[in-house]
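Working notes, beginning with the structure itself.
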Amino acid sequence: QVQLVESGGGSVQAGGSLRLSCALSGDTYAGYSMGWFRQAPGKEREGVAARRTDGNLNYADSVKGRFTLSRDGAKNTLYLQMNSLKPEDTGMYYCAAYRGLIVSWRLLDGSAYRYWGQGTQVTVSS
C-alpha cells in the first residue's frame, strides 16, 4: 500500500521560505512520477510543480523562479523549496504520485495521479 506523508507546512510572512517534504512508503520512489498541488479556500486545486520518472520537471508559471523541486532517493522523499512566498501561495499543499511516466502536458493535472497525501497547510501573511 503506497502512502504519502507531507510535512513542512506552516505560517510565514511574505518573502519568507518553507520547505515541504513528501515521503513515499510502500514502494520504491524511483518508479513514480510525483507532484505538488495546492488548493486555497474557495478555489480549485492547481498543480504547482511535478517531476516525472525520467527527471523531467514542470512548474506552474506562478511559481517559476521561486519554487524548486528536489528529491532524496535514499529517503524516498520529494521536496518543494518555496522561496519569496506571497500571500497568494496560501493553501493546503498536497503531494501526489503515479507509478509510471506521465506525459509532460499532464504533469500538473491532478487527475493523472493515483495516490495522494493528506496535505500540509501553508499560510503566507502580508
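One-based numbering along the sequence shown.
Counting heavy atoms from C-beta on, the side chains of Leu57 and Leu107 never come closer than 4.5 Å. At least one side-chain heavy atom of Ser111 sits less than 4.5 Å from a side-chain heavy atom of Arg106.
Note that OG of Ser33 and OH of Tyr113 are 6.0 Å apart. Values are rounded to the nearest 0.5 Å. To the nearest 0.5 Å, atoms OG1 (Thr77) and CZ (Arg71) are separated by 11.0 Å. Atom CG of Leu69 sits about 9.5 Å away from atom CG of Asn58, to the nearest 0.5 Å. With values rounded to the nearest 0.5 angstrom, Thr68 atom OG1 is found 11.0 Å from Met82 atom CE. Note: Leu101 CG to Thr53 OG1 = 4.0 Å, rounded to the nearest 0.5 Å. Distance check: Thr123 OG1 to Met92 CE gives 8.5 Å after rounding to the nearest 0.5 Å.
Surrounding CD of Gln3 are at most 12 heavy atoms belonging to other residues, nucleotides or ligands under 6.0 Å away.
Minimum heavy-atom separation, Cys22 to Trp36: CB-CZ2, 3.5 Å. Nearest heavy-atom pair across Ala14 and Ser126 is CB-CA, 4.3 Å. When every heavy atom of Glu6 is checked against every heavy atom of Gly119, the shortest pair comes out as OE1-N, 2.9 Å. Counting all heavy atoms, side chain and backbone alike, Asn56 lies closest to Ser104 at OD1-OG, 3.7 Å. Summarising the geometry of Gly47 relative to Ala60, their closest heavy-atom pair is O-CB, 3.4 Å, with the distance given to 0.1 Å. In terms of heavy-atom proximity, Cys95 sits nearest to Met34 at SG-CE, 3.7 Å.
Looking at Ser84, its side chain never comes within 3.5 Å of a backbone N or O of Arg66 through a donor-acceptor pair. For the pair Gln81 (side chain) and Arg19 (backbone), a donor-acceptor distance under 3.5 Å is absent. A donor-acceptor pair under 3.5 Å is absent between the side-chain atoms of Gln121 and the main chain of Gly10, judged by distance alone. A side-chain donor-acceptor contact under 3.5 Å links Thr120 to the backbone of Gly9. With hydrogens and angles disregarded, a donor-acceptor distance shorter than 3.5 Å links the side chain of Asn76 to the backbone of Tyr29.
The cluster map of Ile, Leu, Val, Met, Phe, Trp and Tyr, joined by side-chain heavy atoms under 4.5 Å apart, puts Tyr94 and Leu24 in different clusters. Cluster annotation: Val122 and Leu78 are assigned to the same hydrophobic cluster (Ile/Leu/Val/Met/Phe/Trp/Tyr, side-chain heavy-atom contacts under 4.5 Å, transitive). Leu108 and Tyr115 are not part of a single hydrophobic cluster, where members link through side-chain heavy atoms under 4.5 Å apart.
In this model, no donor atom of one side chain and acceptor atom of the other lie less than 3.5 Å apart for Arg38 and Thr90.
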Exercise for the section: Go through Asp72 and Tyr79 one step at a time and tell me if the side chain to side chain contact (heavy atoms under 4.5 Å, CB included) criterion holds. Expected result: CA-CA 8 Å; Asp72 184 333; Tyr79 301 99; 3.8 Å; yes

Exercise for the section: Begin with the C-alpha distance, continue with both residues' side-chain angles, and end with the deciding distance and a verdict on side chain to side chain contact (heavy atoms under 4.5 Å, CB included) for Phe67 and Leu85. Expected result: CA-CA 9 Å; Phe67 291 11; Leu85 282 162; 3.8 Å; yes

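For an aromatic pair to be called close, the ring centres must be under 6.0 Å apart, and Phe37 with Trp116 satisfies this.
Judged by the 6.0 Å distance and 45° axis criteria, Arg114 is not positioned over the aromatic ring of Tyr98.
Applying the salt bridge (charged side-chain N to carboxylate O under 4.0 Å, His left out) criterion to Arg52, with sequence neighbours excluded, gives Asp54.
Checked for salt-bridge contact, Lys64 and Asp61 meet the test: a charged N lies under 4.0 Å from a carboxylate O.
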